[in-house]
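Report on the structure given below.
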Amino acid sequence: MLEKSFNPTEAEARIYKMWEDSGAFKPRAAKPTDTKDDNFSIVIPPPNVTGSLHMGHALNNTIMDILVRYNRMKGKATLWQPGMDHAGIATQMVVERKLAAEQKFRKNMTREQFLNHVWAWKEESGGMIEQQLRRLGSSCDWSRSKFTLGDREGGQMADAVTKAFVDMYEAGLIYRDKRLVNWDPHFQTAISDLEVENIERDGHFWHFKYPLEGGETYTYVEKDEDGNVTLTEERDYISIATTRPETMLGDGAVAVHPDDERYAPIVGKMVRLPLADRLIPIITDEYPDPDFGSGAVKITGAHDFNDYEVAKRNDIPMYSLMGTRGEMIASEIMPEKYVGMDRFAARKAVVADIDAEGLLIKVEDKKIMQPYGDRSNVIIEPMLTDQWFVDAEKLAGEAVAKVNDGSTKFVPENWKKTYDHWMENIQPWCISRQLWWGHQIPAWYDHEGRIFVAATEAEAIAKAQDFYDKEKGSDLLIVSPKNPEFIHLVEEFGSPGCIVSSNSSGVGWLAQDPDVLDTWFSSGLWPFSTLGWPEKTEELERFYPTSTLVTGFDIIFFWVARMMMQGLQFMDEVPFEDVYIHALVLDEAGKKMSKSIGNTLDPLDLIDGVSIDKLIEKRTRGLKNPDKAPQVAKATKKAYPDGFEAYGADALRFTLASQAGQGRNVRLSVDRIAGYRNFGTKLWSAANFGQMNGCTSAEGFDPSSAALPVNQWIISETAKTAAEITRCIDAYRFNDAADAVYKFTWDTFCAWYLELSKPLLSGEDGAEKEETRATFAWVLDQILILLHPFMPFVTEDLWAKVTEGRENHLITTLWTTYGDELVDASAVTEIEWLQTLITNIRSVRADMNIPPSKKAPLLLCADTLDPRLATYAPQLSPMARVEHVELAAAVPDNALQTVVDGVQYAIPLAGLIDMDAERKRLSKEIEKAQSEIEKIDKKLGNEAFVAKAPEKVVNLQKERRAGYVAEVETLQAALDGLG
RNA sequence: GGGCGGUUAGCUCAGCUGGUAGAGCAUCUCGUUUACACCGAGAGGGUCAGCGGUUCGAACCCGUUACCGCCCACCA
């Protein structure tokens, strides 16, 4: 006898520890016979080291674990490679915030001191998420866990990044350039295009006059579409419009379209830039749209991406106006009064000052798209700076080709389009970040600004030394300013970067680039760096390319695309065969979950349970707008009045799998989680029934040897279901697989087989009982196997409890491979007939409100007694409340009637039947059948249908018709019999 | 402005290559038959967003309209 039900809280920890201790998560040893197909590998999308488990992780990891457990059970050498991402900006932000609370600030620390703090933080509180992933049951090989940044001393993961950078630099795929980049004034670093979110906000459109120099005037003529003059005016200015007035201080020109007749008279003339009091030219360029605004555009090359291109094309000077925090900085073109102002304060001041000069024409309200930093949430500033770039265009070609030729397949495949489109329009990838937490760029600058890219400082020094010795014929000594041996020289010559003539003997400096690499640069190496690259390890040989990448569509560009490019670059092979793109998990109202909105669900709350008060407290804590707290509390209480029970990891996983259709998103249903928790209990209870009836082992049982149709039938159904589940998982149709195992377990096994087996199990001892016991145990084993990838805990627990003394754990038990050879068609037909009979009897009884306690005989209206009725009398009795079965020449009065396979049955229930109701019921049944017949007749009467539809379809319709006709006949006879 | 996806039962969603519209939850009726009330038996409930087309046959394919959602984009 088992405990009353599965106790997830107790069992999950115990079972997980057992798995981990047993080494089941590690790939099995290689066999000499192994081919590539015998290896299965997945790399985890590395969660941020600062992260904590959210629903997206839960879905992502559930799917991966299903695949991993399934393939492991298929006997493949299976590796699920875990690890974490150092998450440059996010982590630096977390640690700075923590330090600030202790009145410690990064700006007062050396780089090394700060990094010590971050590493200490990482050791102490980073990586909580790995523990949380264990709670889901994730069967990663934790002993191989990797960190994108490596360790404090560097190590292989860091070496991989360095090598990648150096190799790409030497191949001309990485370069340093002064370009306009997206600058985050909050974090004071460059960021990539992808880290910028464009959001529409209310803004303004200011129209200014830029006066023509030297008192020039011109006749400004405006025409409508038909060429009629609508306005003629003598002007001494050109009208420009801007959404960002402060940038006018850095204007280098005003551009108009070459075909714009309005401005033709003044092209080439100069305007005097207000406030700045500089002269700038009016130029022509294809960029301005004559139909938008005034048709004239101010060109600020250093602060706008379009203007930058125009300025480059036309050789217009670009003036940088701002410092790293977005503050106006002193320069030869910056009027004194604005120096030090924040960019938004400067905007106000500029508008006011222009207005004061009488040059403000008007201000319009306008919706404008504004770029925001996805982490900082401040407005991004285009800034002209020196940065490192990957020439992504050169890498994109092959990455696209490999998807086109099927080397890597997207599932669902429509994501290929998204991938292609981005790849085909790819921009240079800015990979340098002005942060401290990350891989410091392996590039060194000498005192004359030369760049030496090398894996180590020693190599860089050697390269530089070589350069001076050979190329310049100088005996200059190159040193690192960090080298204690040369500290006195540092002091003597000043700071690194000081100029020392290379013609004279002396000391030259080499200082490493202080910037770090974009975190995604290292994430892009993940599928091979985690396997030991650049070393040629056994794991790399066995598990690259990885089998499947499982991830959300939100990081196709960030991550999938980069892995494709870098994988092909360094391994000459795609990083993964399949890319399974799953949905986003949405909240109960269909919104994206977000802490700042307060609509998140914590997977651990669903596993462990949580009170409504605690849930509200958690949801309101992270709110961006704390005033919304009462609203969030109300909505939460409405959605989940009682909080959550402890549903356990299995229920959560099963729900996620069953909702992981290949659509766009998953709206998490807590009702379904409860439903699938119930499912676990149902299975548990069925196993308990087996225990009580001696169904304790299927050892030595050969399912093809079963002789009883009931057993042959359930074995057939098991084989069919196993094949179906296998097919579904292979096709990444997790929801269908989950459905199939659910239906089989609940409906087929528990609702039918278990009931049908009862008379056999409680009957006399003998061959039949033994066969049924073994069959029951065998089917239950198959269920545990098939369900294990979805519900690993309860199945593993039952595996041990159902049959004592098993040698294997379920996690490493071989997957079911039974198929059609176990399907016994005649047994299936027989039991399906029995099911229909039972269902029909139940249905008519329920319709007539016959109490279940009232048993009644079943009369067969035929000439001979169907022997099957005798065979299944023990089942018919409890399941259909049949007292006994007998032959009847005619239907007696006061009897219910039903038809199965065209055969009429009657259930005499004198005194219990409302004859009018029974008449109505029969009429309704007849009507139903007749309407079906009509539909079919319409089809069969259609010559085109008979001529063109496949024979199979036509025959099916004919068969159906015959069935209905027979039914109508018998029902009609029954109705007539009632008088 | 471009691209992608959605619209199916009261709710949340399935429906793989066109061939009798499905599930869970909710609702209603009945039920303490020794696995399970986190249960059992039964029932009701859908013009598959609208329109047009292809086809013997359309929820499914094509076109179009409407609404909803997401992604990308340089209109100052």
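If you're wondering where the values come from, they're calculated on a predicted model, not measured in any experiment. Just so it is clear, the values below take in all heavy atoms, side chains as well, and ignore hydrogens, waters and symmetry mates. Chain A is the first sequence line, chain B the second, and so forth, proteins listed ahead of strands; every chain is numbered from 1.
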What integer number of Å spans the P atoms of B/U8 and B/C13? 10 Å
With heavy atoms under 4.0 Å as the rule, sort A/G941 into base, sugar-phosphate or nothing. nothing
Whole-Å P distance, B/C38 and B/A26: 12 Å
Confirm from the modelled atom types if A/Q659 and B/A14 form a donor-acceptor pair under 3.5 Å, side chain to base only. no
Could you check, using the six-membered ring where one of them is a Trp, whether A/Y742 and A/Y676 have ring centers closer than 6.0 angstrom? yes
Select base, sugar-phosphate, or nothing to describe what A/K366 touches, counting heavy atoms under 4.0 Å on all strands. sugar-phosphate
For B/A14 versus B/G57, give the span between their P atoms, rounded off to a whole number of Å. 30 Å
Determine the contact category for A/R881: base if any of its heavy atoms lies under 4.0 Å from a base atom, sugar-phosphate if only primed atoms, P, OP1 or OP2 are that close, otherwise nothing. base
Kindly confirm or rule out a cation-pi arrangement of A/K416 over A/F410, judged by NZ or CZ under 6.0 Å from the six-membered ring centre and within 45° of its axis? no
For A/E195 and A/S192, test the side chains for any donor-to-acceptor distance below 3.5 angstrom and give the result as yes or no. yes
Here the helical stems involving RNA chain B, each at least 3 consecutive Watson-Crick or G-U pairs closer than 3.5 Å, sorted by first residue number, are B:1-7 with B:66-72, B:10-13 with B:22-25, B:27-31 with B:39-43, B:49-53 with B:61-65
When you compare the protein's N or O atoms with those of nucleotides 16-23 of chain B, which come within less than 3.5 Å of each other, and at what distance?
unit_1	atom_1	unit_2	atom_2	d
B/C16	O2	A/R733	NH1	3.3
B/C16	O2	A/R733	NH2	3.0
B/U20	O2	A/R960	NE	3.4
B/U20	O2	A/R960	NH2	2.6
B/U20	N3	A/R960	NE	3.4

Please write out each protein N/O paired with an N/O of nucleotides 37-45 of chain B under 3.5 Å, distance rounded to 0.1 Å.
unit_1	atom_1	unit_2	atom_2	d
B/A37	OP1	A/K4	NZ	3.3
B/C38	O4'	A/N678	OD1	3.2
B/C38	O2	A/R677	NE	2.8
B/C38	O2	A/N678	OD1	3.0
B/C38	O2	A/T681	OG1	2.9
B/C39	OP1	A/N678	ND2	3.1
B/C39	O3'	A/K682	NZ	3.2
B/G40	OP1	A/K682	NZ	3.0
B/G40	OP1	A/W746	NE1	2.5
B/A43	OP1	A/S843	OG	3.4

Using the C1' atom on both, measure B/U27 against B/G46 and round to a whole Å. 16 Å
If you measure from the P atom in B/C16 to the same atom in B/U55, how many Å do you get, rounded? 23 Å
Under the 6.0 Å and 45° cation-pi test, does A/R201 pair with A/Y372? yes
